[in-house]
Amino acid sequence: MFVPSIPLRGVVHRFAIILIAIATVLGMATTAAAQASISTGSIQGTVSDPTGALVPQAKVIITNKGTGQVLTFTTNSAGSYNSGSLIPGDYKVRVEAKGFRTSELPVTVEVGTIASGNIKLEVGETSQVVEVQSSAVQVNTEQATVQGVVTPEQIENLPINGRNFLDLAQLEPGIQVQDGAGFDPTKNGFESISIGGRAGRTARIMVDGIDVSDENVGTTTQDIPASAIQEFSIAQSSLDLSSSLTSSGTVQVTTKPGTNGLHGEGFYGFRDERVGFAGFPGGVTPPFQRNQMGGNIGGAIIKDKLFFFADAERTKQDFGNAVTFSAPFTDLSGVYSAPYRNNEDVGRLDWNIRSSMHMFYKFGYNNNSDLKPGNNYSPFLNRDNTPSHTVGLDFTTGSITHSIRYGYSYFNNSLGAAGSGGGLINPDPNLFMVANAGGMVTGPNVNAPQGTIQANHQIRYDGSKQWRNHIFRFGGALDRISIGSFAAFGALGAQVVYAPTSPFSIAPALGPDGNPADNPLNYAISSITLFNGQGAFSEKTAFGKKAYSGFFDNRIEFYAGDAWKVRPNLTVNYGVHYVLDTNRNNNDLNSNPALTS
């Protein structure tokens, strides 16, 4: 592996120049764009008179009901308007035009969605206000994507076992939630989602416009409190033009902002083995207890200007893991403690700099500790620690809208031996690992120790410009991905395999109790496997750690497209999205000429 020869400063400089060039060219073009970026939504619509004729130069006022932010637009010659990026929430669209009554339309903006704001005016005095009722069920004619949005009401009112934020995906058709430990031991404590039957590794996870996907093994690098989520969207096919690289679909999550009203909540959840927990074979019920607590508060520091929101959750779970062995080792069956701890914190500030400019900063922190249970007495202890920072800026300049996101996250995973800290209560806890084929394997878990560190510096830009009945969108992103890892499989000790006992091909020595069949130590050893304890994949280091070999990749993305509003209820979308990874292969050694010729 190697560090790319192009320095990060040079990459960022060239990337910025290209973005400015694209914005300049498209800004000079006589074309237009509406926008629903990764972490925001928007409102797009046309204003017409009772005959269906389009109304140009109508005044459109869009007000955020929660924060009081007011945006003012004027319909163009085609009677169209475009709000640009809006944080998800409830809005009021007010349209004023000379010779017509003033109309007001309630619109809900959802993440990654372009909401329809079409309004038909009535002839009359401007001083007369008509409240237009939107239809409860509408077909979105602004986008060609197949996606679903989980609303705040659903998040707050539907019970989620375990309160993992990815469990919300199950509310959408064709989605299955998978245990992250099912495809990699380093993902204990995390979940993944399978979209349309595809692998859970491949779904792209976005939070507030920043990618939090694990570039090593898939799914997410951090959990966030379910009560901190404003909206949760899943795009399954025909993804939005701004979506990043994925083979299955994307999850887009936005966290809650503060509003003018002071709101807060607290909760405490308790569950133990008496509520539907599976029993242990033989009629014994192992202990299980889950305590979940948390709360949030949000409000205004300066009304209509500066807002805050904070949320924290903690899960304390103690679980008695049952281990069962077949004859003649049934007496070795037992229960050991497999504790799980998880802490999730989110803090956010939102600032309405002016009517056409909004900025936010969000800090997130997640750490967990999970003693991985299994049908053995050699579990491993998995720990994760992930702080993250996100800054967002949305604004308009003339007829061009802009959305900028910067994010930094640091995912640190370690996997080690459980030891006495795991609370093992069976005699000789580190001796018996697993029974297989009637035999016995002893020794510590071979999956430990392991370690993975992933750091992401991300910046993305999404822009749009409106002209007549066209919608042109453009943007790009740069993700500086640094990954370091090691896996010293078996470094904690040797693994011993005893001869099979069924059938008894090797006669054991007699034990003092005259019944040696139930003691695996009385059987002959079939093999001993020694490990060298070396876990580095390369002589090159990462993050200043000698054993952590890694790679450094610059993921560069550009896109441009047009949404052509042929009719008020018909939109044609087309465009191109280009992704380049500069170093996703192993370049530790020189390439084989036979493979590159």
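In this structure, a donor-acceptor pair under 3.5 Å is present between the side chains of Asn260 and Asp304. Between the side chains of Asn368 and Asn385, no donor-acceptor pair is found at a separation under 3.5 Å. A donor-acceptor contact closer than 3.5 angstrom links the side chains of His402 and Thr397. A donor atom on one side chain and an acceptor atom on the other are found under 3.5 Å apart for Asn296 and Glu265. No side-chain N or O of Asn188 forms a donor-acceptor pair with one of Tyr340 less than 3.5 Å apart. Counting only N and O atoms by type, the side chains of Asp384 and Asn382 include a donor and acceptor under 3.5 Å apart. Using a 3.5 Å distance cut-off with no hydrogens or angles, the side chains of Glu231 and Thr254 do not pair a donor with an acceptor. Inspection of the Asn413 and Thr186 side chains reveals no N or O donor paired with an N or O acceptor under 3.5 Å. In summary, the side chains of Asp350 and His358 do present a donor paired with an acceptor at a separation below 3.5 Å, with no hydrogens or angles considered. Side chains of Glu313 and Ser227: a donor-acceptor N/O pair is present below 3.5 angstrom, by distance only.
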| message | Would Phe307 and Leu349 count as a side chain to side chain contact (heavy atoms under 4.5 Å, CB included) here? Give the steps. | response | CA-CA 6 Å; Phe307 312 90; Leu349 288 174; over 6 Å; no
| task | Begin with the C-alpha distance, continue with both residues' side-chain angles, and end with the deciding distance and a verdict on side chain to side chain contact (heavy atoms under 4.5 Å, CB included) for Asn64 and Ile87. | result | CA-CA 9 Å; Asn64 185 315; Ile87 61 174; 3.9 Å; yes
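Taking the charged nitrogens against the carboxylate oxygens, Arg163 and Glu191 have no contact shorter than 4.0 Å, which rules out a salt bridge. Using a cut-off of 4.0 Å between Lys/Arg side-chain N and Asp/Glu carboxylate O, Arg341 and Asp318 are scored as salt-bridged. For Asp462 and Arg473, the salt-bridge test fails: no basic side-chain N is under 4.0 Å from an acidic carboxylate O. We find that Lys187 and Asp370 are not joined by a salt bridge, their nearest charged nitrogen and carboxylate oxygen being 4.0 Å or further apart.
Asn343 is linked by a side-chain contact (heavy atoms from CB on, under 4.5 Å) to Arg314, Asn367, counting only residues two or more places apart in sequence or in another chain.
For the pair Ser83 and Gln44, the minimum side-chain heavy-atom distance is 4.5 Å or more. With a 4.5 Å cut-off on side-chain heavy atoms, Pro106 and Lys92 do not count as touching. At least one side-chain heavy atom of Gln230 sits under 4.5 Å from a side-chain heavy atom of Pro88. Side-chain contact check for Arg271 versus Phe288: some heavy-atom pair is nearer than 4.5 Å. Between Leu166 and Phe232 the shortest side-chain heavy-atom distance falls below 4.5 Å. In this structure, Leu478 and Gln458 have side chains that are not in contact, with every pair of non-hydrogen atoms separated by 4.5 Å or more. Side-chain contact between Arg405 and Phe360: present, with at least one pair of heavy atoms (C-beta onward) separated by less than 4.5 Å. Between Ile297 and His263 there is no side-chain heavy-atom pair separated by less than 4.5 Å.
Counting only distance, with no hydrogens or angles, the side chain of Ser485 and the backbone of Thr452 share no donor-acceptor pair below 3.5 Å.
By the neighbour-count criterion of 12 heavy atoms within 6.0 Å, atom NZ of Lys65 is densely surrounded, having more than that number from other residues, nucleotides or ligands.
Within the structure, salt bridge (Lys or Arg N to Asp or Glu O under 4.0 Å) contacts touching residues 358-368 (residues at least two apart or in different chains) are Asp208-Lys362.
Nearest heavy atom pair, residue Ile62 against residue Tyr91, reads CG2-CD2, 3.7 Å. Nearest heavy atoms, Tyr461 versus Thr401: OH-O, 4.0 Å.
Both the sub-6.0 Å distance and the 45° axial angle are not jointly satisfied by Arg348 relative to the ring of Tyr361.
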